[in-house]
Amino acid sequence: MNLFSEFKARIGTAVAALQTEGVLPEGLDTSKISAEPPRDTAHGEVSTNAAMVLAKPAGMKPRDLAVLLADRLVVTPGVEAADVAGPGFINLRLAASFWQDRLAEILRAGTDYGSSSMGGGVAVNVEYVSANPTGPMHVGHGRGAVVGDVLASLLHKAGFAVTREYYVNDAGAQVDVLARSLYLRYREALGEAIGEIPEGLYPGEYLVPLAKALAAEYGDRYKAAADSDWLSLFRDRAVAAMMDLIRDDLAAMGVKHDVFSSERALVEAGGVQAAFEELVAKGLIYEGVLEPPKGLLPDDWEAREQTLFRASDFGDDVDRPLKKSDGSWTYFASDIAYHYDKHRRGAEVMIDVMGADHGGYVKRMAAAVKAMTDGKASLDIKLCQMVNLMRDGEPVKMSKRSGNFVTLREVVDDVGRDVVRFIMLTRKNDAHLDFDLKKVTEQSKDNPVFYVQYAHARAHSVLRHAAESLPGLDVSAAALSTVDLAPLTDEAEIALIKLLAAWPRVVEGAAEAHEPHRIAYYLSEVAAAFHSLWNKGRDAAELRFLLPDRKDVSVARVALVRGLASVVASGLMVLGVTPVEEM
RNA sequence: GCGCCCUUAGCUCAGAUGGAUAGAGCAUUCGCCUUCUAAGCGAACGGUCACAGGUUCGAAUCCUGUAGGGCGCACCA
């Protein structure tokens with residue numbers, strides 16, 4: 001249970017009581033009342049703005065109302081003091097026993113601590129990666145993969161019913177280009193000199209093995225054949241092979257999907273037509289001519305009548321074409337159909353994780369979702385900014401034109417999946433991210449992955465020592481949840497418990513805001529608090545976790561260490577990073 | 001020209017949906033190992049939250065405008 005929600009409920013009760021007594025009027029808007037940790041720890045552990053928010057509508061002075069509320073809150077369980085401060089804040093100071101109880105709660109829950117029912121089982125579809133099946137993934141794809149994967153785990157922990165989805169763009173012109181690139185490699189495999197790969201085809205070497213396989217399988221049957229004879233075969237084989245490649249790369253990072261949706265299958269099943277007709281029925285389609293874009297015109301721009309969707313009725317800047325001049329669907333049309341499909345499969349909340357270069361796409365897709373679902377479903381598009389690959393402070397040179405770029409797989413094989421996953425979350429999604437291949441493997445506090453894992457390993461080191469020096473002590477979380485925690489009274493110990501007890505709130509906040517990076521930051525903070533506590537034991541021997549002649553204190557502190565390890569492990573599990581016990 | 005995102009300590013960045021005296025890490029300076037992992041910790045120094053207005057009890061956060069950076073801009077995906 002998020003303890004701040006608990007206190008918010010208590011405040012609500014106090015307000016209701018004052019209403020019953022006629023001190024406060026009925027019908028107050030209590031939605032702006034908060035219960036949160038004050039920034040300054042000198043102000044206690046829970047702070048509320050209730051008196052300030054309610055003062056005006058109640059016709060009272062904030063501080064007068066605060067006193068009335070404080071009187072009622074101070075007698076609730078675990079509250080030691082309720083002070084009125086500043087313009088009308090009520091600051092609650094909680095008893096040590098309250099925090100000791102929280103630790104027991106953490107230990108009882110184990111790594112399930114932080115799980116929440118906030119989501120109420122609402123169906124969320126998280127779409128991520130969706131890299132075109134035209135080659136290996138690069139590091140930028142990796143960022144989206146991690147952000148999406150962790151966001152999905154986070155939402156699951158917060159009580160949403162999550163579907164993890166990959167949209168396979170296997171229907172557009174790009175996969176035909178892929179087929180032609182493969183065909184060229186096929187002829188090469190048959191012994192033909194192909195020279196430089198022409199502009200516009202994929203130059204990478206990754207098609208060579210498949211081309212050889214096709215040459216072995218079909219010989220020169222397609223060598224001089226017309227496009228129509230081989231195009232669809234080569235395309236299907238190429239897409240299948242590229243998806244295998246991508247799935248392998250994802251597996252190497254531990255990124256999972258429940259559903260792979262094929263654009264081609266959607267189109268062939270008439271999904272786009274159906275979605276289109278739905279829009280027609282809603283009166284949102286018309287034939288018209290768009291205004292030319294202001295400023296610089298594209299060279300080949302000409303006024304042309306098009307089949308348009310009234311996106312501007314739903315917040316977009318202009319209406320958007322759904323058909324190309326040759327009568328086929330635009331990508332946008334099939335993507336409308338795809339999102340409509342997701343909604344029909346039950347998604348109430350849709351999240352798309354994509355690259356920042358899709359920024360221009362956000363408004364129109366949000367408009368389309370609003371239109372197609374009559375506002376019943378929401379769409380949040382998380383745009384991930386670029387990843388700058390560095391090595392020891394120098395940018396790693398990459399030339400996309402020659403196909404000579406560092407692949408995601410190379411990076412994962414080089415530094416490890418845990419490192420890649422964690423580092424990708426050390427910035428919020430819309431900020432540029434420097435990924436330094438050298439620094440991320442350093443074993444120092446500059447490296448957040450190491451820093452957090454080290455805290456977990458250190459905790460387990462204490463647990464191992466405890467098993468020796470306290471024979472007969474069961475150091476499992478479940479067993480330690482029943483020991484006497486009263487000896488945990490030092491300020492630093494209580495401070496650590498407070499931080500651990502914040503975990504459910506962090507999960508809920510990050511899930512609500514769709515911001516998985518908050519988990520990584522929280523874990524760094526927890527690790528810092530633990531390293532700090534550890535070192536207090538160096539300065540003052542009586543603060544060491546294991547004291548030879550103080551069994552009761554030692555056992556309580558082992559429980560604290562176990563609680564810390566448990567919360568860190570819980571967080572790392574959300575990130576998909578291994579909680580190592582020894583380093 | 002239009003739209004979206006960004007601008008916080010010398011550097012790299014957080015800032016929990018509007019709270020109290022704006023926080024970390026790095027760098028710089030000074031301390032802490034006969035001890036449960038010094039692979040770590042503590043302290044000091046460091047700020048016109050790009051700028052100018054506005055909204056209110058209260059703004060880094062919301063609104064308007066300006067400057068700078070990134071991305072995108074009919075018939076690509």
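In what follows, every chain begins at residue 1, and chains take the letters A, B, ... in the order their sequences are listed. Quick caveat, the model's predicted, so the values are computed rather than measured.
Under the stacking definition used here (centres under 5.5 Å, planes under 30°), the residue A:Y361 fails to qualify as stacked on the base of B:G72.
Nucleic acid contact for A:P87: base, since at least one base atom lies under 4.0 Å from a heavy atom of the residue. Residue A:Y522 is classed as having no contact, given no heavy-atom separation below 4.0 Å to the nucleic acid. Here A:M583 lies in heavy-atom contact (under 4.0 Å) with a base. As judged by a 4.0 angstrom heavy-atom cut-off over every strand, A:N91 is placed among the base-contacting residues. Within the nucleic acid shown, A:K32 has no heavy atom closer than 4.0 Å to any nucleic acid atom. A:Y521 comes within 4.0 angstrom of sugar-phosphate atoms only, judged by non-hydrogen atoms across all strands, and of no base. Residue contacts for A:G360: at a heavy-atom cut-off of 4.0 Å it reaches the sugar-phosphate backbone alone, with no base atom in range. In this structure, A:P37 reaches the bases: a heavy-atom distance under 4.0 Å links it to at least one base atom across the strands shown. Heavy atoms of A:A356 sit under 4.0 angstrom from primed sugar atoms or phosphate atoms, though from no base atom. Residue contacts shown for A:A457 include a base, since a base heavy atom lies under 4.0 Å away. If you check every strand for non-hydrogen atoms under 4.0 Å, A:R505 touches a base.
Atom P of B:A60 sits at a distance of 14 Å from the matching atom of B:G53, rounded to the whole Å. On the C1' atoms, B:G23 is 13 Å away from B:G46, given to the nearest whole Å. As rounded to the nearest Å, B:C4 and B:A43 have C1' atoms that lie 44 Å from one another. Remark: the separation of the P atoms in B:G65 and B:C73 is 24 Å, to the nearest Å. As rounded to the nearest Å, B:U29 and B:A14 have P atoms that lie 28 Å from one another. When the C1' atom is compared between B:U55 and B:G18, the two are found 11 Å apart, to the nearest whole Å. Taking atom P on both nucleotides, B:C13 is separated from B:U17 by 24 Å, rounded to a whole Å. On the P atoms, B:U61 is 32 Å away from B:A27, given to the nearest whole Å.
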Listed pairs, N/O of protein and of nucleotides 24-29 of chain B, under 3.5 Å:
{"from": "B:C26", "atom 1": "OP1", "to": "A:K445", "atom 2": "NZ", "distance (Å)": "3.3"}

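Geometrically, A:K323 engages A:F276 in a cation-pi contact defined by less than 6.0 Å to the ring centre and at most 45° from the axis. With A:F4 as the aromatic partner, A:R505 meets the cation-pi criteria of under 6.0 angstrom to the ring centre and within 45 degrees of the ring axis. Cation-pi geometry between A:R310 and A:Y286 is met: under 6.0 angstrom from the ring centre, within 45 degrees of the axis.
Among the nucleotides B:G72, B:C13, B:C75, the one closest to any side-chain atom of A:D357 is B:G72. The side chain of A:K428 lies closest to B:A14 when the candidates are B:A14, B:A74, B:C36. Of the listed nucleotides (B:C36, B:A39, B:A14), B:C36 has the atom at the smallest distance from the side chain of A:F545. Closest to the A:Q306 side chain, of the nucleotides B:C75, B:C6, B:A20, is B:C75. Side-chain atoms of A:A85 lie closest to B:A20 of the nucleotides B:U35, B:A20, B:A77. Closest to the side chain of A:K324, out of B:A74, B:G3, B:A77, is B:A77. Nearest to the side chain of A:S461, among B:C36, B:C32, B:G3, sits B:C36.
The ring-ring contact (aromatic ring centres under 6.0 Å, His included) check on A:Y166 picks up A:H257, A:F260, with sequence neighbours excluded. Under the ring-ring contact (aromatic ring centres under 6.0 Å, His included) criterion, A:H141 pairs with A:H138, sequence neighbours left out.
Remark: A:R391 CZ is loosely packed, at most 12 non-hydrogen atoms of other residues, nucleotides or ligands lying under 6.0 Å away.
Between A:L543 and A:D317, the one whose closest nucleotide on RNA chain B sits nearer the 5' end is A:D317.
The base of B:C13 does not come close enough to the side chain of A:R427 for any donor and acceptor atom to sit less than 3.5 Å apart. In this model, no side-chain donor or acceptor of A:R458 finds a partner on the base of B:U37 within 3.5 Å.
Contacts between residues 523-537 of chain A and RNA chain B, counted as heavy-atom distances below 4.0 Å, involve A:H531, A:S532, A:W534, A:N535, A:G537. Near RNA chain B, meaning a heavy atom under 4.0 Å away, the residues from residues 43-57 of chain A are A:H43, A:S47, A:N49, A:M52, A:K56.
In this structure, B:C33 shows a glycosidic angle within 90 degrees of zero, which is the syn conformation. Regarding the sugar-base torsion, B:U35 falls in the anti class, its angle being beyond 90° of 0.
Between A:L178 and A:M242, the closest side-chain pair of non-hydrogen atoms falls below 4.5 Å. Proximity of A:V177 to A:T134: side-chain heavy atoms (C-beta onward) are nowhere separated by under 4.5 Å.
In this structure, A:D176 does not pair ionically with A:R180, as no charged nitrogen and carboxylate oxygen lie closer than 4.0 Å. Electrostatic pairing of A:R557 and A:E493 counts as a salt bridge here, judged by a charged N lying under 4.0 Å from a carboxylate O.
Of the residues listed (A:V289, A:L290, A:V318), the one engaging A:L308 in a side chain to side chain contact (heavy atoms under 4.5 Å, CB included) is A:L290, and it is the only one.
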### Message
Does A:D29 form a side chain to side chain donor-acceptor pair (under 3.5 Å) with A:S31? I'd like the steps, not just the answer.
### Response
CA-CA 6 Å; A:D29 176 15; A:S31 64; 2.7 Å; yes
### Query
What's the verdict on salt bridge (charged side-chain N to carboxylate O under 4.0 Å, His left out) for A:E542 and A:R550, showing C-alpha distance, side-chain angles and the deciding distance?
CA-CA 10 Å; A:E542 69 276 11; A:R550 295 293 307 278; over 6 Å; no
### Task
Might you work through the side-chain contact (heavy atoms from CB on, under 4.5 Å) test for A:M60 and A:L24, ending with a clear yes or no?
CA-CA 9 Å; A:M60 297 178 67; A:L24 287 176; 4.0 Å; yes
### Task
Let me see the working for A:D317 and A:K363 under side-chain contact (heavy atoms from CB on, under 4.5 Å), right down to the final yes or no.
CA-CA 8 Å; A:D317 305 320; A:K363 275 191 183 179; 3.0 Å; yes
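Between A:H531 and A:Y454, the distance separating the two ring centers is shorter than 6.0 angstrom.
One interatomic measurement links the two molecules: CZ of A:R544 to P of B:U34, which rounds to 12 Å at whole-angstrom precision. Spacing between atom CZ of A:R320 and atom P of B:A74 amounts to 8 Å, rounded to whole angstrom units.
A stem is defined here as three or more consecutive Watson-Crick or G-U pairs, each with both distances under 3.5 Å; for RNA chain B these stems are B:1-7 with B:67-73, B:10-13 with B:23-26, B:28-32 with B:40-44, B:50-54 with B:62-66.
Using modelled atom types, one side-chain atom of A:W503 and one backbone atom of A:Y113 make a donor-acceptor pair closer than 3.5 Å. Using modelled atom types, one side-chain atom of A:S116 and one backbone atom of A:M118 make a donor-acceptor pair closer than 3.5 Å.
Of the side-chain N and O atoms in A:H432, none sit less than 4.0 angstrom from OP1 or OP2 of B:G69. Between B:G15 and A:H517, a contact under 4.0 Å exists linking OP1 or OP2 to a side-chain N or O.
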